[in-house]
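Throughout, a chain's letter reflects where its sequence line sits, starting with A, and its residues are numbered from 1. Note that this is a predicted model, so its numbers are computed, not measured.
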Amino acid sequence: MPELPEIETIRLRLRNGDHESPSIVGRKILSARLFWNRTLAYPTPDEFQNQIQGEIIQDVLRRGKFFVFPLSTKYLLIHLRMSGDLIVEDDSYKVHKHHRLIFSLSDGIRFAFNNPRKFGRVWLLDDPKPILGELGPEPLDPDFTKEDFYGRLHPRRRQLKPLLMDQHFLAGLGNIYTDESLFRARLHPVSLASTLTRLESENLFEAIRDVLRQGILRNGASIDWVYRGGDFQNYFFVYRRTGEPCYRCGTPIKRIIVGQRSTHFCPNCQRLSRD
DNA sequence: ACGAGCGCCTGTCGGC
DNA sequence: TGCCGACAGGCGCTCG
């Protein structure tokens, strides 16, 4: 389920708690149970079990699509990849079949990494920089400006869609929010980045920020069997609307494959400008 | 530098 | 009912 707005929604629930589950901040990790070894990117299962015990969760942060948990002496990083959720529940519950890693916390509560497709990864590190330092800027960072964006975009001879989804270029966009951003900016997904005018680049920058902010306000999107509780899926303009009329001009929304991914756009509103 | 192809996984959905 | 292919919010790896 994971793009920036969904990760942010889960982050806020973990940090602040809600009517169903308490915050995990300030709680001690008593033990960890691993159900799928390859969930751990680093270190080994034995080292992980030993090092995590007794650590206290200091905060719940986010960088791009990564969850960042500063602990007493280390950093826990979690990436959901294509599916999954982070769940706080009573430790006496029957273990769900897709739970891959469970942290038992104080007061009979547990913190579970649910990951049906097993693509998600967990790191326990002294220093998160080697992983997080590779990421591009945070799109919603107030210090990230439209001039910065143009400066990064303009030198690139690359199609817009795969460039925007490249986490080294910009951190947080995935398939949904990229398609929605390009529609709002009226840009064709395979236009080359280097061909954008300064104005087009600024429009794209603002579109990305608007879409991400709206996604967060709606608590993310919930589609398929991975239901999250957000409702941004009801406000998509193009994503998974193949054949349905464009809300702006009525032209049927088109679906093509770009960079191995489904791509949805309005062939009338989003014209190609290759060179 | 860039794009295409593929692997990694489990599940849903539609067609026959 | 079952089987089969297409598809799914990600990313890292090869290979041209």
If we take the C1' atom in both dC3(C) and dC8(B), what is their distance in whole Å?
-> 24 Å

Any side-chain N or O of R156(A) under 4.0 Å from OP1/OP2 of dG3(B)?
-> no

Would you say dG10(C) has OP1 or OP2 under 4.0 Å from some side-chain N or O of S83(A)?
-> no

Do NZ/NE/NH1/NH2 and the carboxylate oxygens of R209(A) and E206(A) come within less than 4.0 Å?
-> no

What's the CD1-P distance between I10(A) and dG9(C), to the nearest Å?
-> 16 Å

Report yes if a side-chain nitrogen or oxygen of K65(A) is closer than 4.0 Å to either non-bridging phosphate oxygen (OP1 or OP2) of dG10(C); otherwise report no.
-> yes

Would R110(A) and E89(A) pass as an ion pair if we require N to O under 4.0 Å?
-> yes

Test applied, side chain to side chain contact (heavy atoms under 4.5 Å, CB included); reference residue, L160(A); option that passes from V258(A), T195(A), L153(A) = L153(A)

For dG3(B) versus dG9(C), give the span between their C1' atoms, rounded off to a whole number of Å.
-> 22 Å

Start with the C-alpha distance between S92(A) and D90(A), add both sets of side-chain angles, then the distance that settles side-chain hydrogen bond (donor to acceptor under 3.5 Å, both in side chains), and finish with yes or no.
-> CA-CA 5 Å; S92(A) 62; D90(A) 195 293; 2.5 Å; yes

Choosing from dG9(C), dT10(B), dC11(C), which nucleotide comes nearest the side chain of Q167(A)?
-> dC11(C)

Could you state the CE-P distance from M82(A) to dG11(B), rounded to the nearest angstrom?
-> 15 Å

Could you check how far CZ of F35(A) sits from P of dT10(B), rounded to whole Å?
-> 16 Å

Are any of R158(A)'s side-chain N or O atoms less than 4.0 Å away from OP1 or OP2 of dA1(B)?
-> no

Could you tell me the separation between the CD1 atom of I257(A) and the P atom of dG3(B), rounded to a whole number of Å?
-> 16 Å

Could you tell me whether Y177(A) contacts a base, only the sugar-phosphate backbone, or nothing, with contacts defined as non-hydrogen atoms closer than 4.0 Å?
-> nothing

Using atom CG of L163(A) as one end and atom P of dC2(B) as the other, report the distance to the nearest whole Å.
-> 8 Å

Carboxylate-amine/guanidinium contact E20(A) R13(A), below 4.0 Å | no

From dG9(C), dG10(C), dT10(B), nucleotide with atom closest to H98(A) side chain = dT10(B)

dG10(C) C1' sits how many Å from Y239(A) OH, rounded?
-> 12 Å

Among dG3(B), dA8(C), dG10(C), find the nucleotide with the atom closest to the side chain of M165(A).
-> dG10(C)

Figure out the CG/P separation between D85(A) and dG9(C), and round it to whole Å.
-> 18 Å

List for me each residue that meets salt bridge (Lys or Arg N to Asp or Glu O under 4.0 Å) alongside E202(A), sequence neighbours excluded, and say none if there are none.
-> none

At under 4.0 Å, does any side-chain N or O of R261(A) touch on OP1 or OP2 of dA8(C)?
-> no

Carboxylate-amine/guanidinium proximity below 4.0 Å for R241(A) and D179(A) = no

To the nearest Å, give me how far apart CZ (F236(A)) and P (dG9(C)) are.
-> 10 Å

So which nucleotide does dG9(C) pair with, by the Watson-Crick or G-U wobble rule with both distances under 3.5 Å?
-> none

Distances for protein N/O vs nucleotides 5-8 of chain B N/O pairs under 3.5 angstrom?
residue	atom	partner	partner atom	Å
dG5(B)	N7	Q260(A)	NE2	3.1
dC8(B)	O3'	R38(A)	NH2	3.2

Ring centres of F183(A) and F236(A) under 6.0 Å apart?
-> no

Give one of base, sugar-phosphate or nothing for K97(A), where a contact means two heavy atoms less than 4.0 Å apart.
-> sugar-phosphate

Would you say dG10(C) has OP1 or OP2 under 4.0 Å from some side-chain N or O of H79(A)?
-> no

